[in-house]
Amino acid sequence: MKVLVAVKRVVDYNVKVRAKADGSDVDLNNVKMAINPFCEIAVEEAVRLKEAGTATEVIAVSIGDKACQEQIRTALALGADRGIQVETESNVEPLVVAKLLKGVVDKEQPQLVILGKQSIDGDNNQTGQMLGALANMPQGTFASEVVVDGDKLNVTREVDGGLQTVSLNLPAVVTTDLRLNEPRYASLPNIMKAKKKQLDVYSPADLGVEVTSHLTQVSVEPPAERQAGIKVEDVDQLVDKLKNEAKVIS
Amino acid sequence: MIEWTEQQQMIRGMMRDFIEKEIQPHIDDLEYNGMPPYDLMRKMFATFGIDQMATANFDRQIAREEAGDTPDKSNDDKTTEERPLTDAALDAVAMPMLLPMELSRVCPGLVTALGVSVGLTANAIMAKGSLAQKKRFARDLLTFEKVGAWAITEPNSGSDAFGSMKSTARRDGEGGYILNGNKTFITNGPFADTIVFICRLEDPEREQQDWKIVSFILDSGMPGLDQSAPFKKMGIGSSPTGELFLSDVKVGPDRLMGESEDGYGRSGAKSTFSAERSGVAAMALGLVERSLEMSLEYANTRVQFGQPIGNYQLVQLKLAKMEVARLNIENMIFRYIETRARGKDLTLAEASAMKLYSAQAAMEVTSEAVQIFGGAGYMRESRVEQLMRDSKILQIYAGTDEMQVVAMARDLMGRS
């Protein structure tokens with residue numbers, strides 16, 4: 001079974017992001033970038049499938065400018081077999097990403113596509129679902145467990161009420177939730193091997209996809225700063241403030 | 001080489017993540033509560049496959065030697081023929097520096113414990129031991145399954161390591177030896193499984209200062225060998241340091257390094273010293289990078305008199321000097337990496353200059369980081385004070401600043 005994994009280059013989750021002075025975007029100057037944590041979980045799941053003998057090949061794909069090759073190399077170091085970069089500008093909206101991924105799916109014909117449920121920069125949570133629709137594949141989103149059962153895939157999903165298990169016909173799309181697995185650290189020998197693994201670069205035209213934007217980013221601003229707290233003298237004052245200032249009780 | 005390659009950065013990033021998640025939570029236990037560092041380091045070795053790589057390298061070298069090749073003497077040989085520069089050669093030199101750099105950002109003591117075991121002790125055996133000794137002792141040290149100590153310093157011999165050395169070996173008349181002496185400030189001494197003990201071989205025909213320098217490989221628990229509890233130190237609490245007491249320890253000739261009384265001389269020990277210097281520079285770079293990052297963050301967020309303290313030029317001067325130090329140390333390391341990758345070696349003056357400058361710069365930068373943090377920096381919670389205390393050792397071990405100056409001056413003047 002061939003598995004396609006999508007990885008996205010995002011600001012490292014440890015970094016406190018700042019908006020640019022003109023409010024046009026997040027300031028990425030001198031900011032540490034990393035593989036999106038949910039994508040890392042997707043890579044780990046694919047590699048585990050391979051180690052279990054279920055998957056035969058794991059392909060890591062990223063969409064963006066040349067810098068995203070760094071994240072593809074990380075996926076290769078974690079155990080993916082080869083990489084694909086679809087070269088675009090760095091910021092592409094979910095629908096375009098889904099269309100480009102559909103192009104890669106058409107080319108590679110994977111049995112399973114694993115994506116993060118969302119990226120921690122845009123938090124859109126759309127790409128996996130859109131890809132499922134475009135490629136006409138069933139989808140199991142927010143997966144906390146993935147079990148291959150013959151030509152079926154049982155995906156346990158984290159939904160509001162608890163856990164829901166769906167059975168999908170392969171080929172299928174899965175998006176990962178936080179508790180699916182705990183990604184490994186790449187070992188030094190695997191990092192060194194990653195350098196030699198194949199990495200193909202395609203343009204959107206190679207995949208027959210036209211990149212057109214439907215969304216415009218109007219402005220980016222930091223969240224309002226929280227006011228400093230105060231210490232209340234007694235319970236009466238607390239109740240008064242909750243009633244009349246915060247208006248959370250009546 | 002003017003920057004770390006993408007691959008080296010990836011390795012640094014992975015190691016940094018591991019250290020933040022797996023080592024940082026134990027930092028107080030390691031530094032102040034006597035937790036031995038070895039299991040954490042073994043976990044790190046296993047996670048990154050460092051133990052497997054060490055085993056593979058070891059097996060390759062042993063196979064070569066068994067096929068009749070002489071052991072790699074590149075550490076001693078300064079006139080090796082120049083090789084064309086390749087990425088693989090650069091990586092081979094750079095890789096071993098990444099772990100010390102990353103660990104030193106959080107816990108330089110771990111580098112000390114690790115470096116003495118895997119670097120000094122195992123390498124001493126690999127360079128000077130017999131084939132049988134390498135298999136018996138060095139392999140488990142290189143994978144860090146066993147902990148090694150390299151015992152040279154004595155209560156009355158430090159920088160003048162050989163001149164004032166009192167530890168002795170006496171031939172027992174049956175082909176073996178009887179060892180006596182006290183060693184102190186021995187890294188890993190309290191927990192070492194394998195100890196390289198350096199001493200003088202008694203010779204009734206000569207004065208004691210002319211007795212030959214030899215060394216022996218000892219196991220923990222041998223009758224007559226005592227290992228003290230760890231000392232309390234100013235810094236690097238995560239690196240256990242102790243004393244060794246030997247009274248009439250009987251050993252066979254199989255424990256004499258190289259299995260020959262000529263197998264290990266001053267030059268052997270000296271080449272080990274020179275190998276340490278690049279490691280100290282790597283540690284200094286980690287300390288300086290981390291101090292600068294924390295200082296920048298603090299200068300941007302700490303507000304006094306209505307504005308971030310980074311707006312004040314006295315603070316800016318400190319930050320600028322830190323950046324100068326960071327660039328200088330990094331450039332020296334790049335120079336070292338590229339020189340070694342070409343098959344050449346730094347001169348003794350260059351290697352000593354790198355060690356001297358890096359150690360002093362680390363001390364100055366970490367001290368200024370505490371100053372930028374002010375009262376908060378004096379508190380353990382800030383972590384910068386630990387980096388400052390830890391930095392001091394870089395000016396003392398692996399040859400004090402003063403000895404580096406002497407080595408440089410002598411080398412430059414053409415005296416040995």
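Residue numbers start from 1 in every chain, and the chains themselves are labelled A, B, ... in the order their sequence lines are given, proteins ahead of strands.
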[X] versus chain A, the contacting section by heavy-atom distance below 4.5 Å:
| X | result |
| --- | --- |
| Met53(B) | side chain |
| Glu22(B) | side chain |
| Ile11(B) | both |
| Glu6(B) | side chain |

Give, as side chain, backbone, both or neither, the part of [X] having an atom under 4.5 angstrom from any heavy atom of chain B.
| X | answer |
| --- | --- |
| Asn14(A) | side chain |
| Ala34(A) | neither |
| Leu78(A) | side chain |
| Lys32(A) | side chain |

If I compare all heavy atoms of [X] with all of [Y], which pair ends up nearest, and what's the gap?
| X | Y | result |
| --- | --- | --- |
| Met95(B) | Met192(A) | CE-SD, 3.6 Å |
| Met10(B) | Thr74(A) | CE-N, 3.5 Å |
| Gly49(B) | Ser187(A) | N-CB, 4.0 Å |

- request: Look at the rings of Phe48(B) and Tyr185(A) and say which category their plane angle falls in: under 30° parallel, 30 to 60° tilted, over 60° perpendicular.
  value: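 Rings of Phe48(B) and Tyr185(A): tilted, as their planes differ by 30° to 60°.
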task: Report the option among Gln9(B), Lys21(B), Gln52(B) that has the most heavy-atom pairs separated by less than 4.5 Å from atoms of chain A.
output: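 Of the options given, most contacts go to Lys21(B).
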Atom [atom1] of [X]: over 12 foreign heavy atoms under 6.0 Å:
| X | atom1 | answer |
| --- | --- | --- |
| Lys321(B) | NZ | no |
| Ile230(A) | CD1 | yes |
| Glu182(A) | CD | no |
| Glu51(A) | CD | yes |
| Lys318(B) | NZ | yes |

- request: Could you check if a side-chain atom of Lys195(A) sits within less than 4.5 angstrom of a side-chain atom of Asp87(B), using non-hydrogen atoms only?
  value: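 They are in contact (side-chain heavy atoms under 4.5 Å apart), so the answer is yes.
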- request: Test side chain to side chain contact (heavy atoms under 4.5 Å, CB included) on Leu188(A) and Gln7(B) and set out the steps.
  value: CA-CA 10 Å; Leu188(A) 300 192; Gln7(B) 177 176 298; over 6 Å; no
